[in-house]
Amino acid sequence: MQMNNHSMVTEIFLLGFQHLNNFKILIFSLILLIHILTIYENVLVIVLVTISQDLHSPMFFFLQHLSLSDLLQSMVIVPLLLKTVINEGAKISLIGCIVQLYFFAVTESLQCFFLTVMSYDRYLAICNPLCYSSIINHKLCVKLILMSWLLVLSFTPVSLITAATQEFCNQNTINHFFCDYFPLLELSCSEATLGRILAMAMSVPVILFPFLLITGSYICIAHEILKITSNIGRQKAFSTCSSHLAVVSIFYGSLIVTYLIPTRNQSQTIGKLLSLLYTVVTPFINPMIYSLRSTDMKNALKKIIQ
């Protein structure tokens, strides 16, 4: 009778960022501060849009849901990241790892679709203002949000089930700060080629198509802005669009490099830094770029304070 030398893995060890030495406390404090501010900003946006009548417009309705997905993602990823920083690694059960991967995939995919919906809203508002109010009504807004959730809940389980049904044995160390898809597959002692192909295939409708739609929307918006005769008005519009595009480029650029064109010889440190951009940085800067800098949001906040 042949003995099975494989020991099944029930616990995952995340290496996080190693050899931080004297910078460990500083980096921990910085990430914790960003996490606290991320929660504060996104909760503020959600509450303001809910209670302020002046913010009951399609744009702020979409922003509210974007803030919800940002908030959820930060709470799913950052606590474990902080643990890996302060302890130079962290343990998580295999089931906990799969659960974190699921919620990460859901929140990340929601951000992709919400950003697409928001770009469509801005496209209609700027390029077709006369028909905007008749097209973008509350009923359509709700449908677009529900459709986003439906697409996410349809796409996410496909690749996740493949990861969850892999056999994990012997090796249990992931050189990452959270349970990401490809690093988890690296631990599999069964054939994982199908899982990698499915993940890249699912990335096309979830990441690439939304990115192309957003880019197309902003090209049309930029073309319309060029028609503005006032220099001040044109500069203000370009300032807003350029900041939006910067956030979108950082978010989608890092996602595309990570999931659509992953390479085995890519530096693991670079991979982790790219992951920081879409898991920590964008949930932090989204409320500032899209919501809190708007005049309507500032006025609503002043009314509540007064």
Side-chain angles (χ1 to χ4, degrees), residues 42 44-70 109-152 205-249 251-252 282 285-304:
N42 286 293
L44 181 62
V45 171
I46 293 167
V47 171
L48 282 176
V49 175
T50 302
I51 65 177
S52 176
Q53 291 292 328
D54 297 333
L55 300 179
H56 288 180
S57 66
M59 181 182 71
F60 287 108
F61 179 74
F62 296 139
L63 286 170
Q64 184 183 42
H65 284 83
L66 179 66
S67 285
L68 178 61
S69 64
D70 284 335
S109 301
L110 280 174
Q111 287 183 60
C112 290
F113 288 123
F114 289 162
L115 287 169
T116 309
V117 169
M118 284 164 53
S119 71
Y120 174 64
D121 174 73
R122 291 300 84 204
Y123 163 76
L124 285 177
I126 294 171
C127 300
N128 201 356
L130 295 177
C131 300
Y132 176 78
S133 58
S134 60
I135 297 173
I136 302 291
N137 51 46
H138 183 70
K139 189 176 180 180
L140 179 63
C141 292
V142 173
K143 283 182 179 178
L144 289 170
I145 294 298
L146 289 176
M147 193 184 299
S148 298
W149 274 98
L150 182 62
L151 287 171
V152 167
V206 175
I207 300 172
L208 187 60
F209 286 172
F211 176 66
L212 294 175
L213 287 171
I214 290 170
T215 304
S217 297
Y218 276 103
I219 289 171
C220 294
I221 289 169
H223 178 71
E224 202 66 27
I225 290 171
L226 289 171
K227 296 178 183 178
I228 298 173
T229 54
S230 167
N231 285 332
I232 296 173
R234 195 187 303 129
Q235 286 173 2
K236 186 178 179 181
F238 265 124
S239 174
T240 302
C241 285
S242 61
S243 59
H244 289 189
L245 271 178
V247 173
V248 167
S249 299
F251 179 69
Y252 282 101
T282 51
I285 62 176
N286 273 345
M288 290 188 288
I289 298 297
Y290 289 108
S291 303
L292 298 176
R293 64 184 291 188
S294 75
T295 306
D296 291 338
M297 189 70 76
K298 289 175 183 175
N299 290 337
L301 185 58
K302 284 178 184 176
K303 284 183 181 179
I304 292 172

> Can you tell me how far CG of Leu115 sits from CG of Leu110, rounded to the nearest 0.5 angstrom?
Replying inline: 10.5 Å
>> Just verifying a value: how many Å separate Leu212 CG and Ser217 OG, rounded to the nearest 0.5 Å?
In response: 10.5 Å
> Which pair of non-hydrogen atoms, one from Val206 and one from Phe113, has the smallest distance, and what is that distance?
Replying inline: CA-CZ, 4.2 Å
>> Between Ile304 and Leu48, is the side-chain contact (heavy atoms from CB on, under 4.5 Å) condition met? List the steps.
In response: CA-CA 9 Å; Ile304 292 172; Leu48 282 176; 3.0 Å; yes
> Between Asp121 and Tyr132, does any side-chain donor sit less than 3.5 Å from a side-chain acceptor?
Replying inline: yes
> If we only count heavy atoms from C-beta on, is the Asp54 to Asp296 side-chain gap below 4.5 Å?
Replying inline: no
>> Determine whether the aromatic ring centres of residues His65 and Phe61 are separated by less than 6.0 angstrom.
In response: yes
> Are the side chains of Ser148 and Val117 in touch, meaning some heavy atoms are under 4.5 Å apart?
Replying inline: yes
>> Under the side chain to side chain contact (heavy atoms under 4.5 Å, CB included) test against Asn42, which residue among Asp70, Leu68, Leu66 passes?
In response: Asp70
> Can you list the steps and then say if Trp149 with Phe114 is a side-chain contact (heavy atoms from CB on, under 4.5 Å)?
Replying inline: CA-CA 10 Å; Trp149 274 98; Phe114 289 162; 4.0 Å; yes
> Once you round to the nearest 0.5 Å, how far does NZ of Lys143 lie from CG of Asn137?
Replying inline: 8.0 Å
>> Within the structure provided, determine whether Met297 and Val49 are in side-chain contact (heavy-atom separation under 4.5 Å).
In response: yes
> Are Val247 and Tyr290 side-chain neighbours, meaning at least one heavy-atom pair lies under 4.5 Å?
Replying inline: yes
> Taking all atoms of both residues into account, what is the closest heavy-atom pair of Cys220 and Cys127, and its distance?
Replying inline: O-SG, 3.7 Å
> Roughly how far, to the nearest 0.5 Å, is CD1 of Ile221 from CG of Leu124?
Replying inline: 9.0 Å
>> So for atom NE2, which belongs to His56, do other residues, nucleotides or ligands contribute more than 12 heavy atoms lying within a distance under 6.0 Å?
In response: yes
>> Let's go through Leu213 and Tyr120 carefully: what are the C-alpha distance in whole Å and the side-chain angles of both, what is the deciding distance for side-chain contact (heavy atoms from CB on, under 4.5 Å) to 0.1 Å, and is it a yes or a no?
In response: CA-CA 8 Å; Leu213 287 171; Tyr120 174 64; over 6 Å; no
>> Let me confirm one number: the CD1-CD1 distance from Ile51 to Ile46, rounded to the nearest 0.5 Å.
In response: 12.5 Å
> Does Cys112 offer a backbone N or O that forms a donor-acceptor pair with the side chain of Tyr252 under 3.5 Å?
Replying inline: yes
> Can you tell me how far the CE atom of Met118 sits from the OG1 atom of Thr116, to the nearest 0.5 Å?
Replying inline: 10.0 Å
> Ser52 and Phe60: side-chain contact (heavy atoms from CB on, under 4.5 Å), yes or no, with the steps?
Replying inline: CA-CA 11 Å; Ser52 176; Phe60 287 108; over 6 Å; no
